[in-house]
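Following: one structure in structure tokens, then a few remarks.
Here is how names work: the chains are called A, B, and so on, in the same order as the sequence lines, proteins then strands, and each is numbered from 1.
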Number of protein chains: 2
Amino acid sequence: MDKNNQTTEERILAASKKVFHTRGFDGARMQEIANEAGVNKSLVHYYFRNKESLFKSVFEDAFGQLLTKMNEVFFSDLPIIAKIETFLHFYLDFLAMNSYLPWFILNGLHERPGQLKELMDRMQMSPQRLINRIHDQVKEELNIEIDPLHFFINMLSLSIFPFLARPLILSVLGYSPEMLGQFYEERKTKVPEFILNALKGYENYPSK
Amino acid sequence: MDKNNQTTEERILAASKKVFHTRGFDGARMQEIANEAGVNKSLVHYYFRNKESLFKSVFEDAFGQLLTKMNEVFFSDLPIIAKIETFLHFYLDFLAMNSYLPWFILNGLHERPGQLKELMDRMQMSPQRLINRIHDQVKEELNIEIDPLHFFINMLSLSIFPFLARPLILSVLGYSPEMLGQFYEERKTKVPEFILNALKGYENYPSK
DNA sequence: CATACTTTTGACCACCTGGTTAAACCAAAT
DNA sequence: ATTTGGTTTAACCAGGTGGTCAAAAGTATG
């Protein structure tokens, strides 16, 4: 326990997040992590064996946060519309405050596929069950037949993509970071609106 | 003109695409490019000054393809619904055959922001005009008021994200590459359906 | 054949990076 | 004060990287 009420190990982990999140595995430098933590480079190796294992800690922490919340929402006993709204609200909010996370996770998976296998088991996550649950609940409560996997991926797409495309939007639209922040803010209402409208468009959607 | 009816320079450029597309700038190795082209590493530097300029060629080629087609569709004089359908059809098709491109471009922009500035000028691309055009045409032909920028980003999200999330989908759902191909195939009908349904959900959409 | 020019190559280098190691430091217990 | 254990550091190393260079090979021109 020293500076800032954190142990050295905690300081190193925090620094690792900061660096890995923005630079990715290949782009991150052990030296930069050490500097960020205000610590000698060897000390990083002392607490975490090597870059790989340090990255694993950071990656699983990030992915775990997102996965946990997702399960929580979709296995709750809210009506499906409320689940969708809750899910979107949480993710759009969380991502707005952690706009580097989507890139970090997807890039990490691109550089090191197989990173997930082990974690998925450990968390005993069953995507198929979640997908089935959505399908049944949509059919029961809204009386419409959708492909739940595509629908779920659609929700993720609309939530996550704009954060992945951050540098693209900045360049192409010539936005300032502030304007981009405003844009993300707007999406908190635009995305749910778009998705719920899409559902209404299917056959047999109950009127009122 | 030698092997395969290509000049050495063309062979190097083709090899560069193959390597950069899958590995990104940081991950690519000049040696791997040389091997892929069946050529000495020094020769790569002979034709293209350095890694940076070689990457630039590859990047602008990829980005140009996507941008050109986008302009072509949205500045045509098709009705808006047809434009949307054409756009989605083209992108979902093109991306299914070049599934690495979205990651390559977004990752390239993340590693080297500013890569676009110059290209945007040179192509005299005006995103604001495209966005306005969508807004006006939607209002006129469909009698509904949408935010065109969010709508456009929604289209991109639904088209592109599943390709960025490729390693995620493979891991989490345990899909084989073939099953994933099938999934992308399905999206060619699911995505247009979803988007057109969403439009119908807005107030005043003309019935029939 | 001789000359001049371009293309191709192998050897090499300076630099950076993750990782190791032995010594120094330090706090607590004897 | 001395010992003991964990903690922190500086110096160092092996391997890989983009890039250079001078010589060799090839090709056209006189």
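- Put simply, CD1 on A:I12 is 13 Å from C1' on D:dT9, counting in whole angstrom units.
- Note on ring orientation: taking the six-membered ring where Trp is involved, the planes of B:F63 and B:F59 are parallel (angle under 30°, cut-offs 30° and 60°).
- Per the geometry, CG belonging to A:L43 stands 5 Å off P belonging to D:dT8, to the nearest Å.
- Counting non-hydrogen atoms under 4.0 angstrom, A:A34 reaches nothing in the nucleic acid.
- A centroid separation of 6.0 Å or more is found between the aromatic rings of A:F104 and A:Y100.
- Going from atom CE of A:M30 over to atom P of D:dT9 covers 15 Å, rounded to whole Å.
- Out of C:dT9, D:dG19, D:dG6, the shortest distance to the side chain of A:Y46 is found at D:dG6.
- Rounded to whole Å, atom C1' of C:dG18 lies 16 Å from atom CZ of A:F55.
- Taking the six-membered ring where the residue is Trp, the centroids of B:F183 and A:H150 are separated by under 6.0 Å.
- Atoms CG and CD, on B:L168 and A:Q115 in that order, are 12.5 Å from each other to the nearest 0.5 Å.
- Contact between the side-chain N/O atoms of A:R29 and the OP1/OP2 oxygens of C:dG18 is found at a separation under 4.0 Å.
- Following rounding to the nearest Å, B:N50 (CG) and D:dT17 (C1') show an atom-to-atom distance of 14 Å.
- Residue-level contact check: B:N40 touches the bases, meaning some heavy atom is under 4.0 Å from a base atom.
- With a 6.0 Å cutoff to the six-membered ring centre and a 45° limit on the axis angle, B:R129 counts as a cation-pi contact of B:F75.
- Between the P atom of C:dT17 and the CZ atom of A:F25 lies a distance of 14 Å, rounded to the nearest Å.
- C:dT17 atom C1' lies 10 Å from atom NE2 of A:H45, rounded to whole Å.
- If you find the closest nucleotide of DNA chain D to A:Y47 and to A:K41, the one lying nearer the 5' end belongs to A:Y47.
- Donor-acceptor pairing under 3.5 Å, judged by distance alone, is present between the side chain of A:S42 and the base of C:dT20.
- Taking atom CG on B:L54 and atom P on D:dG18, their separation rounds to 11 Å, with Å as the unit.
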